[in-house]
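Heavy-atom basis, side chains included; hydrogens, waters and symmetry copies ignored. Only a predicted model underlies this, so the values are computations on that prediction, with no experimental measurement involved.
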Amino acid sequence: PFPFDQQQVDPTTLAEWRENNRRALEGRVFQGSTRLVNSLGQRRDYFQIVAPIRDGEQVAGVLGINIDVTEHRRAEEALRLSEERFRLAFEEGPLGVAIIGRDRRIQHANRALGRMLGYQVEELIDRDVLSLAHPDDREANREVTAGLLEGDAPPVTWERRIVRKDGGVCWARATATVVRNAEGNVLYGLGMVEDVTERRRGEENLRQLLDVYERHRQLVAYEVHDAIAQPMAAARMNLEATLRQLGPECVQTSREGFGRVIQLLQQGIRDARRLMTELRPPILDDAGLLPALETLIEQLHRDYQMEIDC
């Protein structure tokens, strides 16, 4: 029995099938592909062979072989789509991508990597990938690359400097992995690179700004301590000493006036110390900037019910 329902074969395919049988009866062999509906109502792909059956010099009949290749075709299509997606991501993606052989030489590179480094893609092919690294980072890159291409190191992400064609230096965030065959052997390395130069420059500018800000905070805190808090403390001590020296003949109003002045000085000293602490909190020296900021956020939430997202 045929593996397909002839009632569901379209007229064109049925005509081709009859033509192939006719050719086989003439002594010719046909090989080709077709799509038919099998006896279960499933549309399947077949590879057909139609050949003559000979009895001596005479053709006695026709032999038809239909090999179901549906799953094979589906696997081929899935592979084709996967390769197309990879090709599009490789060629058109925003990240620089390079395929690296086990000898560390670049086998393929995309245009994004060429633009990042100032090269034509053709100029990158067959270059040792270490030749692009900054001299100070080259040895570290060598160890990472060797671990991936020659060992069993897992995928790794790191930030390193890369030297452009014009001699300029850019910072790159690179993710590297390897592709293996069915036996687990390394076929090639795959590197994806993002230019983070502007981010690094912004971080450095922010660090310098924070350094300047911190120096000014310290200067103001020291000025508050030396120019305000200390003289006020000395004035308070002198007034207290004078008050103790006043005899019984001193009228009560004078003593009360001195007392109010001392209270005001004490309040001023407390305010100055509080200001110095806010300008230069001890936790900044003891634990660093991040814990100090976290403590400040907690204080703002506690004192003013402010909600700050970090």
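When atom types are taken as modelled, the side chain of Thr145 and the backbone of Asn141 share a donor-acceptor pair closer than 3.5 angstrom. Counting only distance, with no hydrogens or angles, the side chain of Asn20 and the backbone of Glu16 share a donor-acceptor pair below 3.5 Å. Panel note: side chain Thr70, backbone Arg44; no donor-acceptor pair is recorded below 3.5 Å. Side chain of Glu143 to main chain of Ala140: no donor-acceptor pair is present (N/O by atom type, distance under 3.5 Å, no hydrogens or angles).
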Do any side-chain atoms of residues 177-185 form donor-acceptor pairs under 3.5 angstrom with protein atoms, and if so which ones, sequence neighbours left out?
{"from": "Arg180", "atom 1": "NH1", "to": "Gly184", "atom 2": "O", "distance (Å)": "3.0"}
{"from": "Arg180", "atom 1": "NH2", "to": "Gly151", "atom 2": "O", "distance (Å)": "3.4"}
{"from": "Asn181", "atom 1": "OD1", "to": "Glu183", "atom 2": "N", "distance (Å)": "3.0"}
{"from": "Asn181", "atom 1": "OD1", "to": "Gly184", "atom 2": "N", "distance (Å)": "3.0"}
{"from": "Asn181", "atom 1": "OD1", "to": "Asn185", "atom 2": "N", "distance (Å)": "2.8"}

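Residues Pro52 and Ala24 approach most closely at CB-O, 3.0 Å, considering heavy atoms. Listed here is the closest heavy atom pair of Ala172 and Ile162: CB-CD1, 3.5 Å. Ala112 approaches Pro94 most closely through the heavy-atom pair CB-O, 3.8 Å. Of all non-hydrogen atoms in Ala109 and Ile106, the two that sit nearest each other are CB-CG2, 4.1 Å.
Looking only at atom types and distance, the side chain of Ser33 has a donor-acceptor partner in the side chain of Arg73 under 3.5 Å away. Counting only N and O atoms by type, the side chains of Asn66 and Gln48 include a donor and acceptor under 3.5 Å apart.
No side-chain heavy atom of Ile49 sits under 4.5 Å from any side-chain heavy atom of Leu63. Residues Val97 and Leu113 are not in side-chain contact: their nearest non-hydrogen atoms beyond the backbone lie 4.5 Å or more apart. Side chains of Asp137 and Trp158 form no contact here, defined as non-hydrogen atoms less than 4.5 Å apart. Side-chain contact between Arg201 and Trp171 is absent, with no heavy-atom pair separated by less than 4.5 Å. Looking at heavy atoms from C-beta onward, Glu203 lies in side-chain contact with Arg199 at the 4.5 angstrom threshold. Taking the side chain as every heavy atom from C-beta outward, Gln107 and Ile125 never approach each other to under 4.5 Å. You'll find the side chain of Val156 stays beyond 4.5 Å of the side chain of Thr175, heavy atoms only. At least one side-chain heavy atom of Arg111 sits under 4.5 Å from a side-chain heavy atom of Glu91.
Salt-bridge check for Arg200 with Glu159: passed, with a basic side-chain N closer than 4.0 Å to an acidic carboxylate O. Salt-bridge annotation for Glu71 and Arg74: present, with a side-chain N of the basic residue lying under 4.0 Å from a carboxylate O of the acidic one. No salt bridge links Arg80 with Glu84; every basic N to acidic carboxylate O contact stays at or beyond 4.0 Å. A salt bridge links Arg207 with Glu204: at least one charged nitrogen is closer than 4.0 Å to a carboxylate oxygen.
Taking Ile, Leu, Val, Met, Phe, Trp and Tyr as members and joining any whose side-chain heavy atoms lie under 4.5 Å apart, directly or through other members, the hydrophobic cluster of Val62 also contains Leu25, Phe30, Val50, Val59.
For residues 124-135, every residue pair satisfying the salt bridge (charged side-chain N to carboxylate O under 4.0 Å, His left out) rule, not counting sequence neighbours, is listed here: Arg104-Asp128.
We find the OG-CZ distance between Ser131 and Arg105 to be 8.0 Å, quoted to the nearest 0.5 Å. One distance of note links OG1 of Thr34 with OH of Tyr46; it measures 10.0 Å at 0.5 Å rounding. Taken from OH in Tyr119 to CG in Leu132, the straight-line distance is 6.0 Å, to the nearest 0.5 Å. Summarising the geometry, atom CD belonging to Glu198 is positioned 11.0 Å from atom SG belonging to Cys170; distances are rounded to the nearest 0.5 Å. For the atom pair CG of Asn110 and CG of Leu124, the computed distance is 9.5 Å after rounding to the nearest 0.5 Å.
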> Could you walk me through whether His134 and Arg138 pass the side-chain contact (heavy atoms from CB on, under 4.5 Å) check?
Replying inline: CA-CA 6 Å; His134 189 279; Arg138 197 162 291 164; over 6 Å; no
> Taking it one step at a time, do Glu123 and Lys165 satisfy salt bridge (Lys or Arg N to Asp or Glu O under 4.0 Å)?
Replying inline: CA-CA 10 Å; Glu123 295 178 286; Lys165 183 179 179 180; 2.8 Å; yes
>> Test side-chain contact (heavy atoms from CB on, under 4.5 Å) on His72 and Phe47; report intermediate values, then the result.
In response: CA-CA 11 Å; His72 178 71; Phe47 179 74; over 6 Å; no
>> Could you walk me through whether Met116 and Arg164 satisfy the side-chain contact (heavy atoms from CB on, under 4.5 Å) test, starting with their C-alpha distance in whole Å, then the side-chain angles of each, then the deciding distance to 0.1 Å, before giving a yes or no?
In response: CA-CA 8 Å; Met116 186 186 305; Arg164 294 170 48 87; 5.5 Å; no
> Please walk me through it: do Leu117 and Val193 pass side-chain contact (heavy atoms from CB on, under 4.5 Å)?
Replying inline: CA-CA 11 Å; Leu117 301 181; Val193 183; over 6 Å; no
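In the displayed structure, Asp136 atom CG is contacted under 6.0 Å by more than 12 heavy atoms of other residues, nucleotides or ligands.
If you chain together hydrophobic residues whose side chains sit under 4.5 Å apart, Leu148 and Val186 fall into the same group. By the rule that hydrophobic residues join a cluster once side-chain heavy atoms approach within less than 4.5 Å of another member, Leu149 and Val144 end up as members of one cluster.
Only one option out of Glu194, Arg173, Met192 pairs with Thr157 in a side chain to side chain contact (heavy atoms under 4.5 Å, CB included); it is Arg173.
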